[in-house]
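Just so we're on the same page: letters track the sequence lines, and every chain starts at 1. Worth knowing before you read on, the calculation uses all heavy atoms, side chains too, and leaves out hydrogens, waters and symmetry mates.
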Amino acid sequence: MASLTSRDFSLSVADCPLVQIEGWDGTLRQFEKSVSASLGKKLPASVGETVHHKGLLIIRVAPRRLWLALDEGTEVPALVVDPDLGCSVPLGEGRARLKMAGPDIARLLSGRIAVDWHAPTAAPGRAVLTSFHHVPVLFLRTGETACELIVPRSFARSLSDWIAGG
Amino acid sequence: MARYSAFSVFRNALSGQKNWQRAWRAAEPKPSYDVIVIGGGGHGLATAFYLAENHGIRNVAVLEKGYVGGGNVGRNTTVIRSNYLLDGNTQFYEFSMKLWEGMSRALNFNVMFSQRGQLVTAHSADQLDGFSHRANIMRLNGIDADILDREEVRRLVPYLDFSDTARFPIHGAIFQGRAGTARHDAVAWGYARAADNHGVDIIQNCGVTGFVRDGDRIVGVETTKGRIGAGKVGLAVAGHTSVLGAKAGLELPIESHVLQAFVTEPLKPLVDHVVAYGADHFYVSQSDKGGLVFGGNLDGYNSYAQRGNLGVVREVAEAAIALMPCISRVRLLRHWGGVMDMTPDASPIICPTPIDGLYLNGGWCYGGFKATPASGWCFAHTIANGKPHPLVAAYGLDRFRTGHTLDEAGVGPSAWLQ
Amino acid sequence: MLRIECPCCGPRDHDEFRYGGDASVTRPAHDDPDPEAWYRYVYIRTNPAGPHREYWQHVTGCRQWLVVERDTRNHVIASVDFARKLRARKSTLRKSPA
Amino acid sequence: MSSNRKRLSVGGRIVREQPVEFTFDGRKLAGYRGDTLASALLANGVTLVGRSFKYHRPRGIFSAGPEEPNALVTLGSAGRREPNLPATTPELADGMVVETQNRWPSLAFDVQSVNGLLAPFLSAGFYYKTFMGPTRRAWMFYEHFIRKAAGLGRAGTSPDPDHYEVRHAFADVAVVGGGPAGLSAARAAAAAGARVALIEQDFLLGGQLLAEPSDSAAAAWLKQAEAELERFETVALMKRTTAFGSYDGNVLGLVEQRDPTDPQPNGETRQTVTMLHARSIVFATGAIERPMVFSNNDRPGVMLASAARTYLNRFAVLPGKKIIVATTNDGAWRTAFDYAAAGAEVTVADLRAVPPAALAAEAARLGVVVRAATRIVDLCGGHAARQVMLNGPEGQSWTACDLVCVSGGWSPTVHLTSHLGVKPVYRDDIGGFVPGAFPADRFGAGAMLGAYTTAAAVEDGHRAGIEAASFCGKSAPAPTPSKLDLGETAAAPHHEVLPAGRGKAFVDFQMDVTTKDIELAHREGYESVEHLKRYTTLGMGTDQGKTSNFPAIAAMAALRNATIPETGTTTFRPPYTPVAIGALAGRAVGHHFKPIRRTPMHDWHMANGAEMLEVGVWMRPYFYRQSGRDVNEAHVAEMRTVRQAAGLMDISTLGKIDVQGADAAIFLDRVYANGFAKLAVGRARYGVMLRDDGIVFDDGTTTRLAENRFFMTTSTAKAADVLSRLEFLLDTAWPDLRVAVTSVSDEWAAMSVAGPASRAILSAAFPDLDVSDEALPHMGLLESEWEGRGLRILRLSYSGERAYEVYVGASAGEQLWSRLLEAGRPFDLKPYGVEALGALRVEKGHVAGPEIDGRTTLDDLGLGRMVGKRSGFVGDVLRGRPALQAPNRQRLVGLECIEDGKRLRGGAILFLPDEKPYGHGRGRVTSVTFSPERGHYVGLALLAGDVASEGSEVVAVHPMKAETVRARIVSPVFIDPQGERLHG
Ligand SMILES: Cc1cc2nc3c(=O)[nH]c(=O)nc-3n(C[C@H](O)[C@H](O)[C@H](O)COP(=O)(O)OP(=O)(O)OC[C@H]3O[C@@H](n4cnc5c(N)ncnc54)[C@H](O)[C@@H]3O)c2cc1C
Ligand SMILES: NC(=O)c1ccc[n+]([C@@H]2O[C@H](COP(=O)([O-])OP(=O)(O)OC[C@H]3O[C@@H](n4cnc5c(N)ncnc54)[C@H](O)[C@@H]3O)[C@@H](O)[C@H]2O)c1
Ligand SMILES: Cc1cc2nc3c(=O)[nH]c(=O)nc-3n(C[C@H](O)[C@H](O)[C@H](O)COP(=O)(O)O)c2cc1C
Ligand SMILES: [Zn+2]
């Protein structure tokens with residue numbers, strides 16, 4: 001898979017251990033309480049917010065949906081979701097994490113996704129679900145000149161080639 | 001009507017073009033007509049012409065809210081073909097093709113019907129099988145059709161992408177030699193002039209705002225030029241069918257969507273056929289003026305705005321380059337939109353309506369230019385006789401209730417939800 | 001591009017969305033046996049030239065189905081909300097004793 | 001430089017230290033950095049640059065901007081060939097290869113200029129009146145020649161080697177136009193705290209200020225303004241960038257030309273299209289000067305007054321030494337003054353009876369001859385102007401000249417503000433159309449609003465900048481508005497009445513539309529401006545009538561004796577100036593046209609002889625080369641392997657959906673036509689979904705993993721549609737159901753092990769799993785782990801053989817695939833592709849795409865019994881419509897070819913043996929395959945129910961292959977009707 005490193009831009013592709021949890025309509029409050037209790041951390045309140053905690057990145061991807069993305073090497077949290085409150089699906093096999101950094105990254109990304117690099121909603125620590133060449137991707141702003149794209153595995157090569165300009 | 005001919009052109013040239021007459025009179029509404037046709041597009045004008053020509057009904061008015069030919073007939077990509085699959089469609093569109101073949105002479109107006117041939121590329125063996133099915137149906141109904149293999153396509157249109165970087169390699173194509181294009185404006189003007197010559201009043205800047213009823217019968221229309229009485233009223237307003245239908249109390253299975261069209265700067269001859277891309281939404285032909293005229297898919301949301309958006313412009317450009325890499329540096333000159341009357345099965349509606357005295361012609365979606373003569377012919381017949389012409393028997397409104405839909409593409413109603 | 005302000009993701013180009021058509025037609029109950037009701041739901045459209053309530057799904061975003069109020073004459077969007085929320089409101093309305 | 005004989009020795013904004021060489025029809029010429037192609041040509045004394053569309057009249061350089069109607073040339077060659085470029089726009093670059101067009105054999109001597117003599121016959125729309133005989137197809141003959149004669153430049157036929165980008169950009173305030181109004185708008189908005197994008201099509205900022213002498217106050221102001229803007233980090237100065245379209249949601253389409261002189265940044269990109277999302281927009285697009293209409297007004301040597309001034313002051317070119325300035329307004333006098341100051345002999349012919357005294361005084365001071373109430377009626381000259389006939393109080397006389405500067409007034413540039421359907425409105429005081437009502441987030445400034453003096457433009461721009469910023473909530477205290485007064489006056493222009501001069505007086509130069517054509521159109525009733533346009537092609541050229549539309553409207557208004565607002569404008573459409581199609585496609589070309597979707601086993605297929613096939617965006621193995629020479633041979637061999645030993649197939653492309661929740665079973669019961677509520681945990685079931693209209697939508701298998709959890713598979717093609725549909729039903733119809741649906745298509749690598757040896761292979765591959773028929777019966781599920789990934793084995797068969805679908809975490813897909821092949825080697829396990837898969841299912845009578853064609857019902861496909869007495873599922877009610885229940889509907893049957901040496905083919909039409917093969921027949925062959933089992937071709941067909949009795953014969957007619965084949969109607973299940981092999 002296209003990975004490239006040059007003076008002003010680096011791109012690498014990594015696995016993406018990930019669990020999706022979802023709460024039912026109506027009992028969302030209780031669901032969030034119980035989850036944040038067992039994770040020992042308050043959940044991101046609104047879509048696009050993220051919370052980092054014990055090697056776990058908690059992202060709200062929809063009003064009732066959260067993604068728990070694991071940093072390399074951290075174990076999947078022993079999280080049991082009460083079926084009366086919600087459910088969970090592992091998604092870690094089906095996604096790839098494209099990590100990008102470089103001074104010219106904003107300009108480069110602007111040719112790929114419709115995200116305003118300078119907007120508060122794309123500030124470091126924020127997540128944006130959007131599309132990249134018709135493919136649904138999750139944009140993670142990881143730093144001043146760094147970001148990640150969580151992309152469906154089957155498209156990962158096509159998209160990384162595209163980023164790398166192949 | 002002073003006939004048009006090489007000779008008349010010559011003679012008028014010598015007299016400084018001073019002796020030409022109006023192509024059609026600037027008519028003002030009479031108090032009432034035997035038949036009022038609403039909509040001065042291709043279909044409305046053709047209907048008026050055939051009412052007079054075929055049925056001797058000459059006390060007819062065509063009411064056009066804007067200028068004649070300003071609707072879809074004046075903004076379409078002019079592809080004319082008769083390669084329809086389903087029983088009912090096949091024969092209707094072939095009848096239309098035959099009328100096209102005699103149109104310029106019948107109207108004494110050169111509509112520049114150019115039978116340059118249309119091909120649709122296939123990109124897999126399965127797709128080509130599907131095309132063979134279509135081609136077989138065409139041949140078995142006496143319509144010309146051919147299936148081409150990759151090499152034959154290359155010989156016909158070498159500028160398509162036959163390279164190995166092609167995302168969807170060309171496998172073959174279906175070809176109809178009699179298909180082609182026509183000068184869209186001339187079709188509207190030609191029918192207007194010929195209808196006028198039969199005494200039909202063509203009334204522009206006359207928008208219909210309502211219907212006049214006597215009990216549950218329609219006896220006239222309200223317009224921006226006042227009330228006009230009518231024995232019968234024919235509705236042929238394409239994208240605006242729902243708006244007028246509502247005024248008449250008709251409930252219709254129609255949504256108005258915007259479809260865009262595009263033209264490039266004028267070029268010396270490059271594309272000698274009508275070429276359609278079987279792997280995506282893109283088709284192109286070259287106007288006699290030299291512009292590449294092309295189109296793609298609907299913008300995909302209800303609209304009456306006659307304009308589209310940039311996303312589709314880009315998608316169409318991408319497909320254009322995917323099929324014809326050589327036009328990368330050719331420049332887009334203008335793009336515009338038209339309002340399509342989309343039916344749930346993408347087939348038209350021509351029929352008497354539940355409302356006495358009101359006849360409906362609509363639901364042409366993005367395919368009604370090619371139907372213009374047959375539609376006018378059959379709609380005139382339907383109005384004159386109060387019952388559908390046999391060729392449009394399948395185009396009734398009730399087909400959605402009964403299930404006799406004609407779904408060429410097989411996408412069903414509300415395609416976006418499938 | 002239409003810019004649709006998703007209630008949870010913010011304003012996005014409409015090519016992030018999937019169109020769902022007229023939202024003013026109500027779907028019969030799943031076990032409603034009345035052919036007329038289904039016929040009207042599937043086929044009959046008011047198709048107004050003016051304000052139009054329509055479904056859009058933020059398909060490359062939060063995947064929520066939304067109800068957008070948009071003027072079909074000029075594409076100006078007046079309101080956007082979650083289909084669920086509106087639906088919930090409707091049903092509570094219906095439940096409330098007359 | 002000697003060749004630059006018309007170049008002044010000083011002044012201008014060209015870089016004399018940087019000469020630039022180019023060729024013009026093979027002639028080597030030179031200009032300077034800072035030149036446009038046009039200014040360089042003028043400097044070299046080139047006056048003849050192009051030929052007109054219809055009459056092939058000689059044409060020169062008329063303007064100094066994108067409104068140019070005449071000087072169209074072709075740049076580059078081969079894949080880089082770019083036709084129809086106005087010479088007035090490209091920045092001169094080293095090695096530019098320029099070719100003139102629409103002439104043969106040469107520009108100076110063009111055979112088709114005889115069209116000029118034929119002109120009387122080639123009047124507007126003449127072709128509608130002739131070419132109709134002698135035969136019906138006559139037009140095909142004439143068209144051939146007409147097409148050849150029409151068109152302008154010639155496009156290349158090889159692919160474009162250059163790259164393009166499409167990008168997104170965002171701003172609070174977008175300012176379109178970098179003239180005085182735009183500059184002060186940008187300055188004000190930036191100062192107010194807004195993020196500003198300033199968009200200018202030219203490679204220099206300044207707009208009309210660039211026409212001012214380079215040592216003037218205007219130049220100083222410009223320098224200062226540009227410096228100020230550069231100091232803001234929040235301002236993006238986008239030069240060489242045209243805003244080509246204004247779209248909904250305040251999105252502007254921009255196209256940026258790469259700076260030809262510096263390859264960085266991203267120098268490999270020739271053009272970049274930007275979709276600029278702005279919260280508010282200031283349009284400061286200026287105004288375009290109008291020509292004047294007189295006989296032979298199209299000749300080389302006739303030029304817009306402001307353009308002439310631009311060439312003099314910006315490019316230090318003196319195109320003429322004896323000039324006539326013909327005008328209706330004050331502005332053009334400045335051209336006269338500057339030319340006089342530069343040493344030219346100048347006469348001003350002003351249509352107005354009494355030109356402003358101040359101007360007259362200045363003229364006297366500079367020795368400019370002034371002739372009031374005077375107009376040009378005719379011009380004499382071929383490839384350059386020689387003399388004009390002036391008509392005024394002093395009578396009518398020829399006056400010698402070598403340059404004619406015309407100004408028929410100005411037209412505000414209202415294109416972009418009209419793109420959203422807002423019609424411009426006429427203002428009598430300025431004699432031009434200005435934008436119609438602005439929505440709250442859009443503003444105008446400067447000449448495009450009719451502010452025709454620099455002072456007014458600067459002031460107006462400042463106002464607009466502040467308003468636009470405060471619309472975005474940015475209202476930091478604004479700086480004092482900078483002032484710039486050039487002492488211009490802008491008295492109301494005089495309206496030009498069209499002359500009935502001899503010879504051709506052109507309105508649309510490029511389309512060769514003359515006043516006579518407009519009169520003819522009016523005479524024939526094409527009097528609406530839209531008819532006028534379409535009948536005469538007025539305004540339909542590459543310049544879209546930027547200079548010609550207004551004179552044409554005025555002319556038609558006069559003929560109709562209507563007012564100009566009554567007559568109205570035609571519709572303004574994007575793009576403002578033409579945009580390369582390749583630029584709009586950006587990087588989505590070649591194999592990036594659509595993203596490529598790969599399965600987890602993709603690399604293995606590539607490395608192991610798979611011939612790949614595009615299936616939607618997926619790449620799938622079509623067949624494996626080691627199985628045979630071509631697909632026909634290979635897929636039959638692969639079928640044999642499956643039937644006799646075992647085959648391995650990559651089925652990862654199936655749609656996969658995780659369905660969870662207390663109401664999951666109820667939900668599936670509603671969305672599938674057949675029941676799922678009673679499906680036992682650990683069991684799978686084949687299911688069919690209908691559309692609301694009762695037609696079959698999609699099919700697949702769904703497995704109950706747990707009481708409240710299901711694993712759904714869909715067809716490859718419908719995966720996305722099915723998911724959206726499920727979500728639609730949950731969000732809009734049944735929000736009360738507690739169900740969550742999630743795509744897990746990418747989670748699982750999926751492979752099918754099919755064939756008699758499949759069980760043995762599995763037990764070899766998974767020694768510690770019990771895959772016995774007891775543990776894993778048909779339609780059973782076995783869940784486990786493999787190499788730390790989830791593993792699901794479903795015993796399902798598509799081919800009719802004993803078969804298993806093995807699902808494993810995608811990251812282990814290729815590993816397990818190889819493991820299975822290895823374990824299967826002793827059993828002769830081989831991979832097979834989609835062609836074999838398709839053939840196997842035909843043999844077994846399973847329906848797929850060709851049968852589920854969006855028109856067939858459950859009963860048509862012989863699946864009606866799945867439903868039984870059920871009701872309440874999607875599509876239930878409307879499938880009961882009479883037409884969908886009619887007994888003569890076409891339904892699924894099997895066909896067997898009963899003629900030796902012949903074969904069935906997909907797409908063949910079915911008739912009864914005694915029937916004349918005409919019309920639509922009784923049905924069609926949907927899918928066929930050679931059946932190794934049966935030793936002949938078998939097929940599935942849809943055949944009218946009233947004639948579809950098994951055993952009887954039909955004839956399959958395939959005109960495309962000129963084939964007619966007799967076939968027997970049989971059961972669609974060609975092998976193992978009892979289904980014993982499932983257990984074999
Ligand atoms: C971009 C585009 C591309 C297309 N490409 C093709 C193609 O390649 N091939 C093909 O066969 N078809 C094509 N079509 C479809 C075809 O143009 C239409 O189906 C056909 O023109 C519709 O019939 P018409 O000409 O009568 O419609 P129109 O020309 O739209 O006529 C309807 C008329 O009714 C008038 N009207 C509306 N309301 C009122 C009122 N209240 N009172 C009075 N008058 C009213 C309108 O002003 C209009 O003039 C295309 C359409 C578009 C928009
Ligand atoms: N002599 C006269 O009667 C007369 C009439 C009109 C204007 N003027 C002069 O014109 C100036 C008016 O200032 P202004 O700023 O309003 O106009 P301007 O013409 O000075 O500036 C407009 C700028 O917008 C740019 N532009 C236009 N369309 C564009 C597009 N789609 N994309 C990108 N750039 C685009 C042009 O290249 C130009 O640089 C004053 O100097 C005034 O004296 C004089
Ligand atoms: C077949 C066809 C060819 C066209 N060719 C040109 C052309 O060469 N130049 C041009 O400016 N417009 C051309 N147009 C577009 C028209 O100018 C106009 O945009 C279209 O008819 C829609 O009308 P409207 O833009 O006034 O709404 C063409 C339109 C059609 C349908
Ligand atoms: Zn969203």
Less than 4.5 Å to any heavy atom of chain C: does that hold for the side chain of A:Thr121, its backbone, both, or neither?
neither
What part of A:Arg60 gets within 4.5 angstrom of chain C, counting heavy atoms only: side chain, backbone, both, or neither?
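Neither part.
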Counting distance only, does the side-chain N/O of A:Arg141 pair as donor-acceptor with the main-chain N or O of A:Trp117 below 3.5 Å?
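Yes: the side chain of A:Arg141 pairs with the backbone of A:Trp117.
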Counting only N and O atoms by type, is there a donor-acceptor contact under 3.5 Å from the side chain of A:Ser131 to the main-chain atoms of C:Glu16?
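No, the answer is negative, given that no donor and acceptor are paired below the 3.5 Å cut-off.
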Only pairs of heavy atoms separated by less than 4.5 Å count here; which of [options] has the most with chain C?
options                              : answer
A:Ala114, A:Ala62, A:Pro63           : A:Pro63
A:Pro136, A:Ser46, A:Gly48           : A:Pro136
A:Leu129, A:Val137, A:Val135         : A:Leu129
A:Val128, A:Val61, A:Thr130, A:Asp25 : A:Thr130

Using only heavy-atom distances, determine whether the side chains of A:Thr27 and A:Gln30 contain a donor-acceptor pair under 3.5 Å.
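Not at all, the side chains of A:Thr27 and A:Gln30 share no donor-acceptor pair under 3.5 Å.
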Cut-off 3.5 Å, side chains only: do C:Trp38 and C:Glu36 have a donor facing an acceptor?
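Absent: no donor and acceptor within the cut-off.
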Taking the six-membered ring of A:Trp162 as reference, does the NZ or CZ atom of A:Arg157 fall below 6.0 Å from its centre and within a 45° cone about the axis?
no
